[in-house]
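Please read the structure below before turning to the comments.
Reckoned from all heavy atoms, side chains included, excluding hydrogens, waters and symmetry mates. Order of listing sets the numbers, starting from 1, for every ligand and every atom in it.
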Amino acid sequence: MIHKNLPVHVGFIMDGNGRWAKKRGLPRKFGHREGGKAFKKCVDDCIELGLNHVTFYAFSTENQKRPKDEIEALLKLFDEYLDDIREMDDKNARLRFIGDLGFFPESTQKKMREAEEATAKNTGLTCTLALNYGGRNEILHAVGKIISEGKNVYSEEDFGGYLYTAGMPDVDLIIRTGGERRLSNFLIWQAAYAEYVYTDTLWPDFGKKELEKALKEFSERSRRFGGV
Ligand code: IPE
Ligand code: IPE
Ligand code: MG
């Protein structure tokens, strides 16, 4: 299906992995594993549907409150993913990582840097992973950078250049699975005029049909940006 009025940048809040596992009597980490598979499929769907920019919220700064074994399972999944980014390269996709990445082991940070470098010249989908990401943390980090450089920043555009998302377009559509209707500290600056689509579907069950439905809903929204 060819979609009209595609959003330039789609953000995904991949929520519901834990409940997906609980429903099956499994530990939460199994939900995260399944969620990882859904993420990979979703990237393929985004490419097929002709999207240009997508950002996936995979771990928030607040998720550090989770039990140690759950965090360890998530770190292992991120590491496994980073070990095989060839697929992304083959698909001409570019990988970016945003967040307070110093939280991750140096070996993982190195893999992230290498993945960014290896795919930097790709011209297809730009796929950004938000890892240990928090919108408030991002804004504070930007202010700290501006102060340390001794700069005066007066325009929104210049300020945006200090965010982790520097150079990326604002997010137009945010899709949240798992039934909650909140932003949970995701892209709070960049989502100033985003459209929202919520679904009760748990992230591991989210597929192409629902993505297409969300894109259709987006295309029918009237965006005024404060105008008439
Ligand atoms: C989203 O699923 C993934 C992360 C936040 C890492 P959750 O783990 O929040 O799943 P639920 O919301 O508890 O079902
Ligand atoms: C949001 O999900 C963060 C990610 C999907 C990474 P949470 O499950 O952490 O959000 P809350 O706690 O329900 O707001
Ligand atoms: Mg959740």
Margin query: Using 30° and 60° as the class boundaries, would you call the ring planes of Tyr57 and Phe186 parallel, tilted or perpendicular?
Written below: parallel
Notebook entry, point to check: In terms of the angle between their ring planes, are Phe39 and Tyr81 parallel, tilted or perpendicular, with boundaries placed at 30° and 60°?
Noted result: perpendicular
Checklist line | Asn63-ligand 2 polar pair, N/O distance under 3.5 Å | finding: yes
Notebook entry, point to check: For Leu211 and Leu49, what are the C-alpha separation, side-chain angles and deciding distance, and is it a side chain to side chain contact (heavy atoms under 4.5 Å, CB included)?
Noted result: CA-CA 9 Å; Leu211 174 57; Leu49 292 167; 3.6 Å; yes
Next item on the list: Please work out whether the ring planes of Phe56 and Trp203 are parallel, tilted or perpendicular, with thresholds of 30° and 60°.
Entry: perpendicular
Next item on the list: For Arg176 and ligand 2, answer yes if some heavy atom of the residue is under 4.0 Å from a ligand atom, otherwise no.
Entry: yes
Next item on the list: Heavy-atom distances under 4.0 Å are what count here, so tell me which part of Leu202 touches ligand 1: side chain, backbone, both or neither.
Entry: neither
Notebook entry, point to check: To the nearest 0.1 Å, how far is atom 10 (O) of ligand 1 from its closest protein heavy atom, and which atom is that?
Noted result: Gly18 N, 2.9 Å
Item checked: Any side-chain donor near an acceptor of the partner, Asn17 and His32, under 3.5 Å -> yes
Checklist line | Protein residue, atom and distance nearest to atom 1 (C) of ligand 1, heavy-atom basis | finding: Met14 O, 2.9 Å
Notebook entry, point to check: Of Lys41, Lys91, Lys208, which is the lone residue that meets salt bridge (charged side-chain N to carboxylate O under 4.0 Å, His left out) with Glu48?
Noted result: Lys208
Next item on the list: Starting from atom 6 (C) of ligand 1, locate the nearest protein heavy atom and write down its residue, its atom name and how far away it is, to 0.1 Å.
Entry: Ala58 O, 3.3 Å
Check: Judged by atom type as modelled, is there a donor-acceptor pair below 3.5 Å linking the side chain of Asn132 to the main-chain atoms of Phe103?
Finding: no
Check: Which residue owns the protein heavy atom closest to atom 13 (O) of ligand 1, what's the atom, and how far is it?
Finding: Arg28 NH2, 2.9 Å
Checklist line | Ligand-side contact atoms (ligand 2) for residue partner Asp15, heavy atom cut-off under 4.0 Å | finding: 2 (O), 8 (O)
Checklist line | Inter-residue atom distance Leu129.CG - Tyr133.OH, 0.5 Å rounding | finding: 13.5 Å
Check: Any idea which protein heavy atom is nearest atom 14 (O) of ligand 2, and the distance to it?
Finding: Ser184 OG, 2.6 Å
Item checked: Contact atoms of ligand 2, heavy-atom distance to Phe59 under 4.0 Å -> 6 (C)
Note to self: Tell me whether Gly178 reaches ligand 1 (any heavy atom closer than 4.0 angstrom to a ligand atom).
What the structure shows: no
Next item on the list: Say whether Glu62 and Asn185, considering side chains only, have a donor N or O and an acceptor N or O under 3.5 Å apart.
Entry: yes
Check: How many angstroms lie between atom CG of Leu74 and atom NZ of Lys29, to the nearest 0.5 angstrom?
Finding: 11.0 Å
Item checked: Those atoms of ligand 2 less than 4.0 Å from some heavy atom in Arg66 -> 7 (P), 8 (O), 9 (O)
Notebook entry, point to check: So which of Trp203, Phe12, Tyr57, Phe186 gets nearest to atom 4 (C) of ligand 2, if we judge by its closest heavy atom?
Noted result: Tyr57
Next item on the list: First locate atom CG of Asp89, then atom CG of Asn122, and finally report the distance between them rounded to the nearest 0.5 Å.
Entry: 4.5 Å
Next item on the list: Give the intermediate values and the outcome of side chain to side chain contact (heavy atoms under 4.5 Å, CB included) for residues Thr128 and Val54.
Entry: CA-CA 6 Å; Thr128 302; Val54 286; over 6 Å; no
Check: Which of the numbered atoms in ligand 1 are below 4.0 angstrom from a heavy atom of His32?
Finding: 3 (C), 6 (C), 8 (O)
Next item on the list: Under 4.0 Å from a heavy atom of Arg19: give me the atoms of ligand 1 that qualify, with their elements.
Entry: 11 (P), 12 (O), 14 (O)
Item checked: Around the Mg ion (ligand 3), number of protein N/O/S atoms which are nearer than 2.8 Å -> 1
Notebook entry, point to check: Which residue owns the protein heavy atom closest to atom 12 (O) of ligand 2, what's the atom, and how far is it?
Noted result: Arg182 NH2, 4.5 Å
Item checked: Check ion pair Glu72-Lys76 (N to O, under 4.0 angstrom) -> no
Check: Is a salt bridge present between Lys216 and Glu212, judged by a nitrogen-to-oxygen distance below 4.0 Å?
Finding: no
